[in-house]
Amino acid sequence: MHSELEQLLVLQDRQQKIRQIQTEIKTLPLERAHLESQLATSAAGVEALKQKGRQLEVERKKLELDVGTRTESISRLKTQQYQTRKNDEFQAIGHEIERYENEIRKLEDQELELMIEADKLKGEIEAADKSARATKDTISRQLADLETKSKALEIQQQELGTEREALAAQIDADLLDQFERLFNSKGDAAVVAVEHGVCTGCHMKVTTATASRVKAGKEIVSCENCGRILYEGPA
Ligand SMILES: [Zn+2]
């Protein structure tokens, strides 16, 4: 094979690797954002349950206060009842006391329901908290791995870049220019094999003359269809 062609193939290999690494580096912020959003969702879930718990406690305290005011009313009424000498007033006060006592029973029933609910919620919070801690551990590890990967990719990219510079310096400037233009415009490869008389870049048949010039390997030959530089592939 033409020695410049061999150099171009090595150069192309490094440039393809660099391109792959750059693509990978670009996905890292997305991966990081995805992990961070998972972390936030898990923390928000626990916070929502805790907020519900605080709400239940507020409601329960309110019921307790309501019971308290009615208990005070009852003791005030009992004093009045003790002091009255009128039978109908005594009876009326008795009814009022009964009304308050009924209200207190209902309030206490509601309070009991809230306490049962709060107890159930407490278990849910503990479970959610435990799972959120596990999620945090896993995600922290994944974020650290991502950071390590990011650094490794940067180093690899630098090393390949240095190697690429050294290779490019050995190649004829015009040929290098042609290669670069092809490499950047084609998106995949600038130098491709001819297999069974077909250019593997554009998948079109090359002319017999082109095929034999490629086979001879004495010069740089381009595909007449796509312009890629050709080499004789495994037949
Ligand atoms: Zn072609």
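Sequential numbering from 1 along the given sequence is applied to the chain's residues. We count ligands from 1, going down the list as the structure has it; atoms in each ligand are counted the same way.
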To 10°, measure the SG(Cys199)-the Zn ion (ligand 1)-SG(Cys226) angle for me. 110°
Could you please compute the angle at the Zn ion (ligand 1) from SG of Cys202 to SG of Cys223, rounded to 10°? 110°
Using a strict threshold of under 4.0 Å (side-chain N to carboxylate O), is an ion pair present between Arg54 and Glu47? yes
Is Arg19 close enough and on-axis enough to Phe183, meaning under 6.0 Å and within 45°, for cation-pi? yes
Shortest non-hydrogen contact from Ala168 toward Leu176: O-CD2, 3.8 Å
Any donor and acceptor pair, going by atom type alone, linking the side chain of Ser42 with main-chain N or O of Gln38 inside 3.5 Å? no
Backbone or side chain, does His203 get an N/O/S atom under 2.8 Å to the Zn ion (ligand 1)? no
